[in-house]
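Below, chains carry the letters A, B, ... as their sequence lines are ordered, and counting in each starts from 1.
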Protein chains: 2
Amino acid sequence: MAQRKASEKASSQTLKAVLGIRELVFSGEVSPGERLSEVNLSARLGLSRTPIRAGLARLEQEGILELIPSGGYTVRSFSEADIVDAIELRGVLEGTAARLAAERGISPSRLVSMKAILAEIDKVVSGPGDAFDFPRYAEMNAEFHDLLKVLSGSEIVAREIDRVMRLPFAGPSAFLNAQPDIPAFRTSLVVGQAQHRAIAHAIEMREGARAEAVAREHSRLARQNLDFVMDDHKLMARVPGLMLVSG
Amino acid sequence: MAQRKASEKASSQTLKAVLGIRELVFSGEVSPGERLSEVNLSARLGLSRTPIRAGLARLEQEGILELIPSGGYTVRSFSEADIVDAIELRGVLEGTAARLAAERGISPSRLVSMKAILAEIDKVVSGPGDAFDFPRYAEMNAEFHDLLKVLSGSEIVAREIDRVMRLPFAGPSAFLNAQPDIPAFRTSLVVGQAQHRAIAHAIEMREGARAEAVAREHSRLARQNLDFVMDDHKLMARVPGLMLVSG
DNA sequence: AAGATACGGACTGTATACAATTTGTACCAC
DNA sequence: GTGGTACAAATTGTATACAGTCCGTATCTT
């Protein structure tokens, strides 16, 4: 997967630090509120303090760490309200991307790309019910949302979308792995794909308001899934980063 | 002015580096596209390389620097389209803040604060025309927008608003110092204040859609001012950070 | 003369040493 | 027993030294 963001440092050690600390945080090996000692991380990740420090500073900017006034960092703890807000924000920003794409128009080749992605998702969604290819769906879904971001035509908007999506529980595919065998969830994928098509059609027809409204509503599927998952602690563990949620 | 953001490092040297480099960039002492050498900055700001490095990394995250694949940073050059998008984005985010405030409700004490600020702005706007207190207007205008951000009730939304506002030309008071003696500009302040009141009223009445729409439209004043200023190079120089605009 | 290659300088990335501040603990006074 | 103070350990902030990489230049070869 072309997961690596362009803004990631190419530098090997610093990159290892960022990835390593992220992993420690999202896997739950370090708890929310816990203080992260540089020497400790240094030992655990096999790096010197310098790249660790760079990584910490960066992850603080990303919003998953909090800096202590007296120095050092702690793991930020997210409330359920924070996740709701992050999803809401993603909806707003993707809505803006869709509206801008519609208002300013997109190139024919990109329209073709978009339709190709939609066709691929259709194949997965309308396939045989018992052999549902979840990874494939997640992949194509991510690609649709990636393309939508690009279609905005705005570097600045795209960058903010990237930022919000870096919070793992805010992404469009955050809850995909949580509930593969629940019928209601399967249905929501069909609804989601219908919304994808509506967004695409609105962009093609230059209907900015519709594109924005549908894209925003589309994000509510994630919130719906969130509500569902939060009722079942066993499901929560399957959503990456959802263990950061506390008070 | 309570300008210092909470997320600013308290550390003295690193803070000096961030502020110093920002100043170099926005004052135009270093040109867009120019490579920033760590040793050079080190000498110019009288700091060692370590805090310089931390500052550079941070300013890259903020979006005013770009990192070179082979290493090092350059000053990012913004197009006029970028500024338009940044203003648009601020409108979208402040619109969201206003809508959330309306939908979720705000405390009576904050409602009082908001009305107090509006009254202060009224005093300035409806004062004697020849002795217009621009700094005071800028101060209270900033306070209104700051409060709006807080009223969203969402840490996550507030943080993103802060981010966008850190681009100096995207802020609500960016163009205030550019054109103090132009009649049309004076008028726009009256219109802006009317929009402030409409936003406040919509929030009080729990009219989310109206609050969002007006707040979004409110940002268009900045775009209007941008168009005006861009026609006059002498005015451009008076807007902080607007010299970063090139291709 | 033109191109390629090797060398040199400059710069960034990383590690480590040092200094200053903070935090935890133990002991003492009341 | 409680509060405070002083000391010690640990941790962060900063500086500097070292290593590796990239870029430009000059020389050599064809």
Side-chain angles (χ1 to χ4, degrees), chain A residues 4-25 29-76, chain B residues 4-25 29-76:
Chain A
R4 194 60 49 242
K5 296 303 193 307
S7 66
E8 301 271 43
K9 279 248 176 83
S11 158
S12 182
Q13 301 302 91
T14 302
L15 185 60
K16 276 186 202 167
V18 171
L19 265 44
I21 300 171
R22 262 211 215 111
E23 175 65 22
L24 286 177
V25 169
E29 284 192 59
V30 292
S31 313
E34 185 177 338
R35 180 168 190 166
L36 294 174
S37 152
E38 293 176 5
V39 289
N40 180 11
L41 292 173
S42 217
R44 276 174 98 160
L45 299 178
L47 303 167
S48 98
R49 269 185 62 208
T50 304
I52 293 287
R53 251 183 106 63
L56 287 171
R58 177 173 178 145
L59 292 172
E60 189 258 342
Q61 277 289 313
E62 280 189 17
I64 72 171
L65 300 182
E66 225 162 357
L67 57 63
I68 308 170
S70 65
Y73 299 89
T74 61
V75 179
R76 179 165 169 202
Chain B
R4 194 60 48 242
K5 296 303 193 307
S7 66
E8 300 272 45
K9 280 250 177 81
S11 158
S12 182
Q13 301 302 91
T14 301
L15 185 60
K16 276 186 201 167
V18 171
L19 266 44
I21 300 171
R22 263 211 213 111
E23 174 66 20
L24 286 177
V25 170
E29 285 192 60
V30 292
S31 314
E34 184 177 339
R35 180 168 188 167
L36 293 174
S37 152
E38 293 176 5
V39 289
N40 180 11
L41 292 173
S42 216
R44 276 174 96 160
L45 300 177
L47 305 166
S48 96
R49 269 185 64 208
T50 304
I52 293 287
R53 248 181 110 61
L56 288 171
R58 177 174 179 143
L59 293 173
E60 188 259 342
Q61 276 290 312
E62 281 190 15
I64 71 171
L65 300 182
E66 225 163 357
L67 57 65
I68 307 170
S70 64
Y73 299 89
T74 61
V75 179
R76 179 168 171 200

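A side-chain donor-acceptor contact under 3.5 Å links Ser42(A) to the backbone of Leu47(A). Side-chain atoms of Arg49(A) never come within 3.5 Å of backbone atoms of Glu38(A) as a donor-acceptor pair (strictly under, hydrogens ignored).
Between Ile21(B) atom CD1 and Glu60(B) atom CD the span is 12.5 Å, to the nearest 0.5 Å.
Atom CD of Gln13(B) is separated from atom C1' of dA15(D) by 10 Å (rounded to the nearest Å). For Arg49(B) and dA10(C), the CZ to C1' distance is 11 Å, given to the nearest whole Å. Taking atom CD of Glu38(A) as the reference point, atom C1' of dT23(C) lies 16 Å away to the nearest angstrom. Rounded to whole angstrom, the span from the CG atom of Asn40(A) across to the P atom of dT12(D) amounts to 9 Å. As rounded to whole Å, 11 Å separates atom P of dT11(D) from atom CG of Leu41(A). The distance from atom CD1 of Ile68(B) to atom P of dC22(D) is 13 Å, rounded to the nearest whole Å. The CD1-P distance, from Ile52(B) to dT12(C), rounds to 11 Å in whole Å. Between Arg53(B) atom CZ and dT14(D) atom C1' there is a gap of 14 Å when expressed in whole angstrom units.
Looking at heavy-atom distances under 4.0 Å, Leu56(A) makes no contact with the nucleic acid at all.
Heavy-atom distances to DNA chain C give each of Thr50(B) and Ser70(A) a nearest nucleotide, and the one nearer the 5′ end belongs to Thr50(B). Between Arg35(B) and Pro51(B), the residue anchored nearer the 5' end of DNA chain D, judged by the nucleotide with its closest heavy atom, is Pro51(B).
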Go through the steps to decide whether Val25(B) and Arg22(B) satisfy the test side chain to side chain contact (heavy atoms under 4.5 Å, CB included), and finish with yes or no.
CA-CA 5 Å; Val25(B) 170; Arg22(B) 263 211 213 111; 5.8 Å; no
